[in-house]
Amino acid sequence: MPPIADPDVQILANCSLTLQRDYADEDKEWMGSPFAWIKTRPSRQVGTIGEKLVSGWLATKGFDVERSPDSDADRLVNGVRAEIKFSTLWKNGSFKFQQLRDQNYKFAICLGICPFDAYCWILPKDLILAKWRAGDGIESQHGGQDGSDTAWLTVEPGREPGWLRECGGRLSSAATRITVVTGKKPI
């Protein structure tokens with residue numbers, strides 16, 4: 001890197017290096033993780049990466065996975081419309097699955113990635129809507145309590161409410177739930 005000639009830029013660079021030390025420990029738990037690279041991607045790409053991870057995982061489990069023909073669902077899993085939500089573990093130890101909407105899909109796949117672990121819940125759309133309306137674990141994302149177009153689900157792995165534990169947790173449980181929701185065994 002060429003030396004910095006401008007003294008003000010040098011001051012700014014020194015401030016940056018000081019700040020870097022403050023932030024260096026933030027993602028330390030992700031060092032060496034096969035998922036660490038995802039944390040470096042812009043947020044607009046992370047959802048797409050999550051969709052591709054889910055699609056690849058399901059395909060290896062023998063499910064037929066295709067892109068949805070429209071934007072109301074992300075994939076067709078064994079011919080059934082699925083929405084995919086993805087989250088990496090937040091600093092507070094939870095996942096946040098965002099932008100849940102009342103669109104044309106039968107179930108949502110919520111994949112949460114930790115540095116060296118993963119969790120997955122399969123939520124039928126009618127369950128999402130019922131829990132959202134009741135304010136029971138799924139909250140409006142915009143506009144506070146009056147928000148009506150999008151919702152989010154916050155999950156702390158290992159401390160899920162009972163209704164959510166029935167929807168998966170471990171990847172193997174989620175795969176079994178997809179079989180139940182789609183009414184078809186993997187192909």
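Predicted model, so just to flag it, every value in this text is computed and none were measured.
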Item to check | Candidate pair Ile128 and Tyr105, rule side-chain contact (heavy atoms from CB on, under 4.5 Å), full reasoning | outcome: CA-CA 11 Å; Ile128 292 170; Tyr105 60 91; 3.9 Å; yes

Checklist entry - Can you say whether the rings of Tyr119 and Trp121 are parallel (under 30°), tilted (30 to 60°) or perpendicular (over 60°)? => result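 Judged by the thresholds at 30° and 60°, the geometry between Tyr119 and Trp121 is parallel.
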
In terms of hydrophobic clustering (I, L, V, M, F, W, Y; side-chain heavy atoms under 4.5 Å; direct or indirect links), are [X] and [Y] co-clustered?
| X | Y | result |
| --- | --- | --- |
| Trp37 | Phe35 | yes |
| Ile138 | Trp152 | no |
| Phe63 | Leu76 | no |

Does any N or O in the side chain of [X] come within less than 3.5 Å of the main-chain N or O of [Y], such that one atom is a donor and the other an acceptor?
| X | Y | answer |
| --- | --- | --- |
| Ser87 | Phe95 | no |
| Arg81 | Lys106 | no |
| Glu160 | Gly158 | yes |
| Lys125 | Gln103 | yes |
| Thr182 | Ile178 | yes |
| Thr40 | Ala36 | no |

About how many Å separate [atom2] of [Y] and [atom1] of [X], when rounded to the nearest 0.5 Å?
| X | Y | atom1 | atom2 | value |
| --- | --- | --- | --- | --- |
| Arg165 | Ser173 | CZ | OG | 12.5 Å |
| Ile49 | Arg44 | CD1 | CZ | 10.5 Å |
| Leu58 | Leu171 | CG | CG | 9.5 Å |

Could you list the residues that satisfy side chain to side chain donor-acceptor pair (under 3.5 Å) with [X], not counting sequence neighbours?
| X | value |
| --- | --- |
| Lys96 | Thr154 |
| Ser94 | Asn92 |
| Glu51 | Arg75 |

Please name the pair of heavy atoms, one in [X] and one in [Y], separated by the smallest distance, quoted to 0.1 Å.
| X | Y | result |
| --- | --- | --- |
| Lys39 | Leu89 | NZ-O, 4.0 Å |
| Phe116 | Met31 | CZ-O, 3.7 Å |
| Trp163 | Asp136 | CZ2-O, 3.5 Å |
| Gln98 | Trp90 | NE2-CZ2, 3.9 Å |
| Lys85 | Gln99 | NZ-O, 3.0 Å |
| Glu83 | Ala73 | OE1-CA, 3.4 Å |

Mind checking whether [X] and [Y] have side chains closer than 4.5 Å, heavy atoms only?
| X | Y | value |
| --- | --- | --- |
| Cys110 | Ile122 | no |
| Ile109 | Cys120 | yes |
| Leu123 | Phe97 | no |
| Val181 | Val77 | no |
| Ile113 | Trp30 | yes |
| Arg101 | Gln141 | no |
| Phe86 | Val54 | no |
| Thr88 | Ile38 | yes |

Item to check | Donor on one side chain, acceptor on other, Gln10 and Asn14, under 3.5 Å | outcome: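 Asn14 and Gln10 do have a side-chain donor-acceptor pair below 3.5 Å.
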
Item to check | Step-by-step side-chain contact (heavy atoms from CB on, under 4.5 Å) determination, Lys131 to Glu139 | outcome: CA-CA 8 Å; Lys131 294 296 182 181; Glu139 303 170 3; over 6 Å; no

Next on the checklist: Less than 4.0 angstrom from a charged side-chain N to a carboxylate O is my criterion; do Lys52 and Asp74 meet it?
Outcome noted: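 No, this pair does not count.
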
Checklist entry - Would Lys184 and Asp64 pass as an ion pair if we require N to O under 4.0 Å? => result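 Salt bridge absent between Lys184 and Asp64.
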
Checklist entry - Around Arg170, counting heavy atoms of other residues, nucleotides and ligands shown, do more than 12 lie under 6.0 Å from its CZ? => result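 Check passes, neighbour count above 12.
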
Next on the checklist: Let's go through Leu111 and Ile84 carefully: what are the C-alpha distance in whole Å and the side-chain angles of both, what is the deciding distance for side-chain contact (heavy atoms from CB on, under 4.5 Å) to 0.1 Å, and is it a yes or a no?
Outcome noted: CA-CA 8 Å; Leu111 176 66; Ile84 298 172; 5.7 Å; no

